Amino acid sequence: MRTDRNWIAPLGRERMLPADPREALLTVAAERNETLAALSRLIGRSAGYLSGYVKRQSPAALPDADRRLLGKYLGIDDSLLA
């Protein structure tokens, strides 16, 4: 088991995810063949919303409601996106 402080293993997953919420979102989206644009639309935002969150760090943090929807859809604990 990897113990690097920059990686965390969500419950029920064998693969570890980056501790950074932006990197975790990118990793899980890629695993599920989802685009950030599609995930942005899923949460009722413009297509570029999550791209801005990842690349420009705007917003600084995802609102709780967005994290909950993404976590539920992606099958991860929403705290990994906080």
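Owing to the predicted nature of the structure, the values given are computational and were not obtained by experimental measurement.
Scored by the side-chain hydrogen bond (donor to acceptor under 3.5 Å, both in side chains) test, Tyr53 finds no partners at all (sequence neighbours excluded). When the side-chain hydrogen bond (donor to acceptor under 3.5 Å, both in side chains) test is applied to Asp78, no partner is found at least two apart in sequence or on another chain.
Looking at every heavy atom in both residues, Tyr73 comes nearest to Glu34 through OH-OE2, 2.6 Å. Residues Pro59 and Arg22 approach most closely at O-NH2, 3.1 Å, considering heavy atoms. The two atoms that bring Pro18 and Ala24 nearest to each other are O-CB, 3.5 Å, heavy atoms only. The heavy-atom pair separating Arg41 from Ala47 by the smallest distance is NH1-CB, 3.5 Å. When all heavy atoms are compared, the tightest approach of Ser46 to Ser40 is O-CB, 3.0 Å. Residues Leu62 and Arg67 come closest through the heavy atom pair O-NH1, 3.2 Å.
Interatomic distance, CG of Leu81 versus CG of Asp64, reported as 11.0 Å (0.5 Å rounding). With rounding to the nearest 0.5 angstrom, the OG1 atom of Thr27 is 12.0 Å from the CE atom of Met16. The structure places CG of Leu26 at 9.0 Å from OG of Ser51, a figure rounded to the nearest 0.5 Å.
Two residues are said to be in side-chain contact when any heavy atoms from C-beta on lie closer than 4.5 Å; Arg68 and Pro63 fail this criterion.
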Decide yes or no on side chain to side chain contact (heavy atoms under 4.5 Å, CB included) for Asp66 and Arg45, but give the supporting numbers first. CA-CA 9 Å; Asp66 292 348; Arg45 303 288 185 155; 3.0 Å; yes
Begin from the C-alpha positions of Leu39 and Tyr49 and carry the test side chain to side chain contact (heavy atoms under 4.5 Å, CB included) through to its verdict. CA-CA 9 Å; Leu39 292 173; Tyr49 180 75; over 6 Å; no
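For the pair Asp77 (side chain) and Leu80 (backbone), a donor-acceptor distance under 3.5 Å is absent.
Remark: of the listed residues Ile76, Leu36, Leu17, Leu36 is the sole one forming a side-chain contact (heavy atoms from CB on, under 4.5 Å) with Leu25.
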